[in-house]
S.K.: 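Structure below; questions to follow.
Keep in mind that what you see is a predicted model, and the values were worked out from it rather than measured. Every number for a ligand or one of its atoms is a count from 1 in the order of the listing.
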Amino acid sequence: MITFLSGGTGTPKLLRGMQKVMDRHEISVVVNTAEDIWISGNHISPDLDTVMYLFAGVLNTDTWWGIRNDTFITHDEIAQMGLEEFIAIGDRDRAVHIARGNMLRDGMRLTNITKNLCDRFGVRENVLPMSDTEVTTRVKTELGLIHYQEYWVRSKGQIQIESVVRCSTTPPESTEEVIQAVEASDVVVIGPSNPITSITPILECRGLKDALRDKFVIAISPFIGDAPVSGPAAALMKASGFEATSAGTAACYKDLVDLFIHDIRDPIEVKNAIRLDTLMTGEEKSIELAGSILSLANKR
Ligand code: GDP
């Protein structure tokens with residue numbers, strides 16, 4: 001068994017390859033939920049949705065969000081009424097958000113809701129939210145303290161971030177299921193996700209770091225040089241006091257990681273790291289990288 005820590009783009013690209021090179025029942029994924037948001041009364045969990053849709057074979061892999069060939073009839077109708085939905089939500093995607101919202105309002109745990117939805121989609125992998133309680137990444141900007149989605153989707157990442165703040169009413173805890181998955185794993189992989197908005201929220205859940213202590217942890221950098229492969233990771237790293245590079249990523253995961261992997265093209269040197277072609281420009285490249293990571297994991 002391998003457990004992956006995942007956000008909603010870089011690590012899912014790796015998981016796309018992993019599901020082709022290993023037994024799918026041997027994959028557990030602990031998914032960031034600090035980007036979750038309620039929109040139009042429904043519960044969007046962007047990273048859980050991406051991972052679930054990927055494993056269900058319905059993900060739109062052009063965008064890495066939403067369901068392939070989904071329609072946007074409801075979203076467009078709502079806009080016609082002058083009501084803003086700043087995130088484009090497809091109709092089938094919305095059905096999942098409605099179902100999740102209703103189950104949350106009924107008092108179900110997010111872990112059980114995720115299992116229920118994954119079963120309906122025929123997902124064979126073990127997909128786990130990082131926690132059952134709500135935690136939100138907000139960023140401090142000239143507009144005040146705003147939800148990360150408002151920064152990245154509504155403002156298209158065009159405003160300065162002063163700092164990153166995690167907000168919750170109760171400190172988030174890892175679930176029993178997450179700890180069991182880690183304990184049952186030979187290796188834990190921190191995928192090439194945004195260190196600040198995707199991975200750190202998972203690591204901050206009480207119990208997880210302790211569970212990782214005895215595990216062989218592999219991390220893959222989302223940076224090549226001083227830029228991430230995609231997305232706003234550089235601004236978030238700087239606002240959190242880290243260099244926006246692979247070296248900064250390694251510093252962010254300090255003391256947790258046994259093997260750090262970064263790209264063969266990366267001009268930055270990271271001590272004791274190894275290099276692979278980590279640029280997953282298509283499914284074949286994802287499978288290739290997954291195969292290399294699996295053989296490193298199997299050498300443990
Ligand atoms: P989010 O939840 O949508 O922000 O997605 P993640 O946090 O899972 O992934 C975002 C990170 O993935 C970005 O920092 C990218 O640099 C990284 N990323 C995307 N594609 C690739 C790739 O092909 N290779 C590597 N190494 N990183 C990637």
S.K.: According to the side chain to side chain donor-acceptor pair (under 3.5 Å) rule, which pairs have a member within residues 135-145, sequence neighbours left out?
M.R.: Thr137-Arg166
S.K.: Should the proximity of Pro46 to ligand 1, defined as any heavy atom under 4.0 Å, be assigned to the side chain, the backbone, both, or neither?
M.R.: neither
S.K.: Starting from atom 2 (O) of ligand 1, what is the nearest protein heavy atom, named by residue and atom, and what distance separates them?
M.R.: Gly8 N, 2.9 Å
S.K.: Tell me the protein heavy atom at minimum distance from atom 19 (C) of ligand 1, and give that distance in Å.
M.R.: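 Looking at atom 19 (C) of ligand 1, the protein heavy atom closest to it is Ser230 OG, 3.5 Å.
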S.K.: Ligand 1 versus Ser198, non-hydrogen atoms closer than 4.0 Å: side chain, backbone, both, neither?
M.R.: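 The answer is the side chain.
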S.K.: Could you see which bit of Ser193 sits under 4.0 Å from ligand 1, with heavy atoms only: side chain, backbone, both or neither?
M.R.: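 It is both parts that get close, each with some atom under 4.0 Å.
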S.K.: Do any nitrogen or oxygen atoms of Met280 come within less than 3.5 Å of a nitrogen or oxygen of ligand 1?
M.R.: yes
S.K.: Ligand 1 and Val229, any nitrogen or oxygen pair closer than 3.5 angstrom?
M.R.: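 For ligand 1, there is an N or O atom that lies under 3.5 Å from one belonging to Val229.
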S.K.: When you measure from the side chain of Asp226 to the backbone N and O of Thr245, does any donor-acceptor pair fall under 3.5 Å?
M.R.: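 Here the side-chain-to-backbone pair does not exist.
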S.K.: Using a plain distance cutoff, I'd like to know if Pro228 has any nitrogen or oxygen under 3.5 Å from a nitrogen or oxygen of ligand 1.
M.R.: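 Not met; the criterion fails.
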S.K.: Looking only at N/O atoms, are Phe223 and ligand 1 under 3.5 Å apart anywhere?
M.R.: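 No: no nitrogen or oxygen of Phe223 is under 3.5 Å from one in ligand 1.
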S.K.: Looking only at heavy atoms, is any part of Lys285 under 4.0 Å from ligand 1, and if so is it the side chain, the backbone, or both, or is it neither?
M.R.: neither
S.K.: Relative to atom 10 (C) of ligand 1, which among Asn194, Thr197, Ile220, Asp263 owns the nearest non-hydrogen atom?
M.R.: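 The option holding the nearest heavy atom is Asn194.
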S.K.: Pick one of side chain, backbone, both or neither for how Asp47 approaches ligand 1, counting any non-hydrogen atom pair under 4.0 Å.
M.R.: side chain
S.K.: Considering only the protein, which heavy-atom contact is closest to atom 26 (N) of ligand 1, and what is its distance?
M.R.: Ser221 O, 3.0 Å
S.K.: Using ring-ring contact (aromatic ring centres under 6.0 Å, His included), reason through Phe260 and Tyr253 one step at a time and then give a plain yes or no.
M.R.: CA-CA 9 Å; Phe260 190 84; Tyr253 302 151; 7.1 Å; no
S.K.: Taking both backbone and side-chain atoms of Pro12, is any N or O found less than 3.5 Å from an N or O belonging to ligand 1?
M.R.: no
S.K.: Could I get the full list of salt bridge (charged side-chain N to carboxylate O under 4.0 Å, His left out) partners for Arg124, not counting sequence neighbours?
M.R.: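 Salt bridge (charged side-chain N to carboxylate O under 4.0 Å, His left out) list for Arg124, sorted by chain: empty.
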